[in-house]
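Written below as structure tokens is the structure these notes are about.
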Amino acid sequence: MFVDTVIEDKALHKPVFLIGLSLTVLAIFFALNFTNTLFGEFLRPVIGDPTESGFFGRFAVSLVLTIIFVVNLFVISFFKLKVQVAIVWVELFLLFLAFAYSFDLKMSFIQSRIPLMISRGLFTTIYISAISIVIATVIAIIGAIAKLSNNGFAYAISSFYTSLFRGLPLLLQLFLIYKGLPQLGFMVDAVPAAITALSLCYGAYMTEIFRAGIQSIPRGQWEASRALGFKFNLILRKIILPQAIPIIIPPTGNQFIAMLKDSSLASVLGVWELMYLARTLGQRDFRHMEMLLTAAMIYWALTIVLEVIQARIEEKYKQKS
Amino acid sequence: MMDTKTNIPNNTEMTPVISLKGVNKWYGDFQALSNIDLEIKLKEKIVICGPSGSGKSTLIRCLNRLEAHQEGTIHVSGIELHERMKDIDVVRQDIGMVFQSFNLFPHLTVLENCMAGPNWVRGVDKSKAKERAVAMLEQVKIPEQADKYPDQLSGGQQQRVAIARSLCMQPKVMLFDEPTSALDPEMVSEVLETMIELAKSGMTMICVTHEMGFARQVADRIVFMAEGEIVEQNSPKEFFNNPQHERTKVFLDQILE
Ligand SMILES: Nc1ncnc2c1ncn2[C@@H]1O[C@H](COP(=O)(O)OP(=O)(O)O)[C@@H](O)[C@H]1O
Ligand SMILES: [Mg+2]
């Protein structure tokens with residue numbers, strides 16, 4: 001993207017905007033009414049018993065929250081971009097923690113269950129996702145080439161495949177494979193069934209991504225290669241794919257992240273991956289939120305790892321050209 | 001310095017390197033080439049000109065079968081170009097082509113662009129391919145750009161790299177499709193000079209161009225096309241001083257103001 005070299009006044013430094021923002025935020029806080037929460041408790045010296053404070057209490061709480069919010073934004077606006085980003089991230093994360101904390105979590109319960117969650121759940125999730133990612137990528141390369149070829153059979157099979165597997169809900173595919181194949185005499189375990197469904201479904205999405213990436217390379221590249229006497233495979237390998245891969249990487253990264261999370265569908269087949277353990281471990285003690293939030297944090301951490309890897313690869317390709 | 005491993009038999013001065021007989025080509029219902037007869041001998045320099053849409057690109061692209069013709073025959077060094085031929089890549093390796101839009105490989109450096117062909121399909125080893133690439137970049141006068149990427153070069157420089165890339169294959173024939181049309185005016189001459197030098201070295205050249213100064217200086221023959229037909233062909237002197245057809249006169253009036 002192009003960032004203009006002329007700097008406009010920051011909206012936050014214009015009085016009109018500040019006043020408008022303050023009023024809007026005040027209205028929102030007032031409507032949401034935080035009087036009976038921690039915030040009302042903090043203001044007890046001013047408003048008295050929060051539950052009894054009525055309109056005045058509600059307004060006072062909203063006003064204080066609004067001032068904190070707007071002053072916070074105003075202060076942040078003076079920092080450099082990178083610092084701004086860091087501060088806002090930390091603040092949002094703290095808010096998220098506060099949200100989680102409000103459930104009255106029992107930390108010792110989390111601690112006692114986390115080893116199993118990681119050794120069994122995380123391991124299985126990564127195992128299923130990693131294998132599916134590799135298979136889906138292979139399918140996508142073959143599918144994309146088939147779709148671009150002028151072989152009628154290859155095109156027909158490939159387009160039928162992408163149409164079908166993009167057209168069915170993943171959960172339905174999962175059941176069709178897990179319940180359907182045994183009736184035809186092929187026994188499948190839950191894990192292979194999950195891997196098959198994920199690979200086929202994401203292979204179909206990625207086929208389209210790869211096809212579009214390859215097609216985005218200008219015709220002139222093919223023509224120049226042909227004019228030099230290069231054959232199809234050589235052109236694809238040495239000329240087209242190296243140019244298409246940087247285009248393909250961001251949407252493919254998205255698919256990997258989506259697949260990682262969709263591996264949680266395997267839990268409906270009783271596979272002991274993260275989601276399954278999150279649902280079952282807390283059940284007996286009615287400690288649902290503990291386990292669900294733990295699983296949430298693990299999934300989130302995993303996707304951040306994938307995002308970082310994707311950014312690294314993108315950076316590498318950017319330097320090259 | 002002819003490649004010892006060239007694929008097409010050497011021609012004598014007399015037999016044509018390229019010959020077209022009764023070539024017709026259609027895009028759907030639209031006839032892009034009608035009844036083209038043309039012979040090009042070794043070391044000959046041909047300039048093809050004509051109004052936009054007259055089929056010049058189509059014609060030149062049929063010569064290495066980037067386009068398919070439907071009727072008539074095209075022979076390159078005695079090998080007929082047709083749909084079912086097995087050795088089209090062998091023929092193409094002996095025909096260099098320079099495009100209006102350069103079509104360099106943007107992910108490869110200038111040097112790698114020039115080494116790719118010989119190294120990947122001619123069986124020349126890396127060090128030899130590099131040696132040859134450097135020599136060709138010297139010939140087009142940009143050896144100092146060898147390690148840059150194409151988009152770091154000006155249009156004129158890119159086109160000279162494209163010429164060097166083709167020359168690295170040590171082709172028998174060079175095809176040029178309006179090589180200077182996409183260039184800023186001040187870069188046209190550097191590319192034309194490169195082409196003139198190439199002509200002096202004895203290369204067989206077929207150039208689609210509207211650079212009439214170049215045509216006058218270099219061409220053995222000028223072929224004038226209109227609406228998919230060859231209207232007339234003549235030596236530059238005759239072509240400019242004594243055009244035979246009304247259309248040629250109109251075209252020359254327009255292009256020479
Ligand atoms: N791929 C194509 N499909 C349909 N028509 C085409 C195609 N390529 C060229 N033509 C048509 O063929 C005619 C000749 O084109 P071209 O050889 O590019 O002309 P020139 O190079 O002389 O300007 C033009 O009328 C053009 O519109
Ligand atoms: Mg043209």
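Given the structure is predicted, the values throughout are model-derived calculations rather than measurements. Side chains included, hydrogens not; waters and symmetry mates left out as well; all remaining heavy atoms used. Lettering follows sequence order; numbering is per chain, from 1.
- Within the 4.5 Å cutoff, side-chain heavy atoms of A:Leu228 are placed close to those of B:Arg165.
- A distance of 7.5 Å separates CG in B:Asn119 from NZ in A:Lys238, rounded to the nearest 0.5 Å.
- The CD atom of A:Gln243 lies 8.0 Å from the CG atom of B:Leu108; values are rounded to the nearest 0.5 Å.
- Heavy atoms of other residues, nucleotides or ligands lying less than 6.0 angstrom from CG of B:Asp29 number 12 at most.
- Within 6.0 Å of CD on B:Glu144 lie more than 12 heavy atoms contributed by other residues, nucleotides or ligands.
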Atom pairs and distances, side-chain donor-acceptor, residues 126-144 of chain A, under 3.5 Å, sequence neighbours left out:
| from | atom 1 | to | atom 2 | distance (Å) |
| --- | --- | --- | --- | --- |
| A:Ser129 | OG | A:Thr125 | O | 2.7 |
| A:Ser132 | OG | A:Ile128 | O | 2.7 |
| A:Thr137 | OG1 | A:Ile133 | O | 2.7 |

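- The structure places NZ of A:Lys231 at 3.5 Å from CG of B:Asp89, a figure rounded to the nearest 0.5 Å.
- Between the side chain of B:Gln93 and the backbone N or O of A:Ala227, no donor-acceptor pair lies under 3.5 Å.
- Residues B:Pro106 and A:Gln221 come closest through the heavy atom pair CD-OE1, 3.5 Å.
- In this structure, chain A has no heavy atom under 4.5 Å from any part of B:Ile88.
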Solution key, residues 205-214 of chain A side-chain donor-acceptor pairs under 3.5 Å, sequence neighbours excluded:
| from | atom 1 | to | atom 2 | distance (Å) |
| --- | --- | --- | --- | --- |
| A:Thr207 | OG1 | A:Gly203 | O | 2.6 |
| A:Glu208 | OE1 | A:Arg211 | NE | 3.3 |
| A:Glu208 | OE1 | A:Arg211 | NH2 | 3.0 |
| A:Glu208 | OE2 | A:Lys147 | NZ | 2.4 |
| A:Arg211 | NH1 | A:Gln215 | OE1 | 2.6 |

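- Between the CZ atom in A:Arg219 and the CG atom in B:Leu66 there is a gap of 8.5 Å [rounded to 0.5 Å].
- The environment of CZ in A:Phe232 is crowded: more than 12 heavy-atom neighbours from other residues, nucleotides or ligands sit within 6.0 Å.
- For OH of B:Tyr27, the number of neighbouring non-hydrogen atoms (other residues, nucleotides, ligands) closer than 6.0 Å is greater than 12.
- Environment of CG in A:Leu92: crowded, with over 12 heavy atoms of neighbouring residues, nucleotides or ligands closer than 6.0 Å.
- Looking only at distances, no side-chain donor or acceptor of B:His107 sits under 3.5 Å from a matching main-chain atom of A:Leu241.
- Pairs of residues two or more places apart, or lying in two chains, never qualify as ring-ring contact (aromatic ring centres under 6.0 Å, His included) while including a residue from residues 74-105 of chain B.
- Residue-level contacts of residues 52-64 of chain B with chain A, in order of numbering, are B:Arg61, B:Asn64; threshold 4.5 Å between heavy atoms.
- Both the backbone and the side chain of A:Ile239 come within contact range of chain B, with heavy atoms under 4.5 Å apart.
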